[in-house]
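The sequence lines fix the lettering, A, B, ..., with proteins before strands; numbering per chain opens at 1. On a predicted model such as this, the values are computed, not experimentally measured, just so you know.
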Amino acid sequence: MTECPVCGLKLEQNSLIKNELFSCPDCGAELEVTEINPLEVKEAPKEEEDWGE
Amino acid sequence: MKIGFLHSVIRPEEKYLIEEFKKRGAEIVMIDDRNLTFNLDKNNFDFDIVLERCINHSRALHSLRLFEAAGIKCVNSYKVATVCGDKLLTSVALKEHGVPQPEVRIAFTEESALKEIEEMGYPVVLKPAVGSWGRLLSKVNDKDAAEAILEHKTVLGSYHHSVFYIQKYIEKNKRDIRAFVIGDKCICAIYRTSDHWVTNTARGGVATNCPVTPELNDIAVKAAKAVGDGILAIDIFETPKGFLVNEVNYTMEFRNSIKTTGVNIPEKIVDYVIKAAKENGKQN
């Protein structure tokens, strides 16, 4: 169990994997999983100029 | 079989691919480009192949070059990433291979760019040579807009915004086509529909299935071959005179296209990567 770094919502590990992006179900902040056992998250990196396909 | 999975953040596409590799029993070594370093004197990697799924073009490009220098086969290759990552180089490759595309002109100063735009006639689209997801595209409808945008790009942009890639605007009736090519085949395609002239799904374009006709397969595969072959997403305009290739993407996103097309895109990608690794193993 960890908290959203933006709104503090308690987050649970579902089927998340390391480095996966997901949105906080409460505030919608985009987060990245940094550890899975136990779950740790941080705000996702901001989009950079060379991001894309 | 050991797959080097080059990534940064894990998006739905990467998760689908990881699940698919696991189904095949392939061993995946996750390579986070944020932690990746190279030592040119000691590079010794224990992978059969690297699948590139970076989100940063610059990291993908240089990592692929370095992995290939260390003797590792990469999908897509450094050459493909180089060509597809730069719209100017893509256009040159398409031209050299006789693949139809919208009229394109290149200029390096505000003055010469404006001269070319005036000669082409309005509207045109100014695009950064390197960029994706429809970012910083400008539809230029008249000379006033052209002068303003060219000046802004020159003054406010980094140096590569002064390489002016100018494409004739194509009236596309609110949609274009995204065709997915793996190897020698267009496996599926979607229409991307939007009221906005930018139809990227990253910008709100809605995906619906697009039947793969022989004509569509033909131009999509030709475009893929032109940039060097591999796993590629080809953006195509429909015009009264036929298809025109707009862009080619080398780290394709497909989350909106699996259910839409009914094609298991990650399964096809993994098939291709495993086959490429086996073939490479036989050669070595």
Side-chain angles (χ1 to χ4, degrees), chain A, chain B residues 5 7-16 18-19 22 28 30-35 52-62 76 81 84-87 128-136 157-158 160-161 178 180 200-202 231-235 247-255:
Chain A
M1 185 83 79
T2 189
E3 292 181 351
C4 170
V6 178
C7 72
L9 179 76
K10 294 209 180 311
L11 300 167
E12 288 183 36
Q13 164 65 306
N14 291 314
S15 57
L16 295 166
I17 63 173
K18 191 171 179 185
N19 299 122
E20 184 171 352
L21 292 180
F22 70 104
S23 296
C24 170
D26 193 21
C27 70
E30 194 169 31
L31 306 174
E32 180 184 358
V33 176
T34 54
E35 290 296 336
I36 50 170
N37 194 19
L39 180 66
E40 290 178 23
V41 302
K42 66 176 183 181
E43 282 190 77
K46 298 273 183 283
E47 186 175 321
E48 295 173 29
E49 191 174 352
D50 70 336
W51 276 25
E53 296 184 79
Chain B
F5 194 100
H7 69 96
S8 41
V9 291
I10 301 292
R11 300 163 289 175
E13 285 81 2
E14 284 75 40
K15 201 167 181 186
Y16 289 133
I18 292 165
E19 286 166 4
K22 284 183 177 168
I28 309 174
M30 300 302 289
I31 311 165
D32 186 333
D33 62 26
R34 292 167 291 186
N35 303 323
E52 182 282 310
R53 291 295 313 175
C54 300
I55 201 165
N56 291 79
H57 168 60
S58 54
R59 293 181 197 170
L61 192 66
H62 294 108
N76 287 309
C84 296
D86 184 321
K87 293 178 178 61
V130 176
S132 192
W133 295 341
R135 279 192 311 262
L136 295 174
S158 49
H160 61 263
H161 289 288
R178 157 69 57 103
F180 298 92
N200 298 53
T201 52
I231 300 168
L232 295 153
I234 322 290
D235 295 342
E247 294 177 5
V248 183
N249 301 279
Y250 74 96
T251 312
M252 65 192 196
E253 293 170 348
F254 50 80
R255 72 189 71 170

Side-chain donor/acceptor of R11(B) to backbone N/O of L21(A), under 3.5 Å: no
Please name the pair of heavy atoms, one in S132(B) and one in W51(A), separated by the smallest distance, quoted to 0.1 Å. CB-O, 3.5 Å
With chain A, the option among L136(B), V130(B), V9(B), I18(B) that has the most non-hydrogen atom pairs under 4.5 Å is V9(B)
Atom pair CD1/CE of I17(A) and M30(B) - distance to nearest 0.5 Å: 6.0 Å
Gap separating the CZ atom of R135(B) from the CG atom of D50(A), nearest 0.5 angstrom: 7.5 Å
For S8(B), which atoms come within 4.5 Å of any heavy atom of chain A: side chain, backbone, both, or neither? backbone
Can you tell me how far the CD atom of E53(A) sits from the CD atom of E247(B), to the nearest 0.5 Å? 9.0 Å
Applying a strict 4.5 Å limit to non-hydrogen atoms, the region of S15(A) in contact with chain B is both
By a 4.5 Å heavy-atom criterion (distance strictly below it), what part of E32(A) contacts chain B: side chain, backbone, both, or neither? side chain
Verdict with supporting geometry, K18(A) and D32(B), side-chain contact (heavy atoms from CB on, under 4.5 Å): CA-CA 10 Å; K18(A) 191 171 179 185; D32(B) 186 333; over 6 Å; no
Side chain, backbone, both or neither: which part of R53(B) has an atom under 4.5 Å from a heavy atom of chain A? neither
Rounding to 0.5 Å, atoms CD (E48(A)) and OG (S58(B)) come to a distance of 7.5 Å
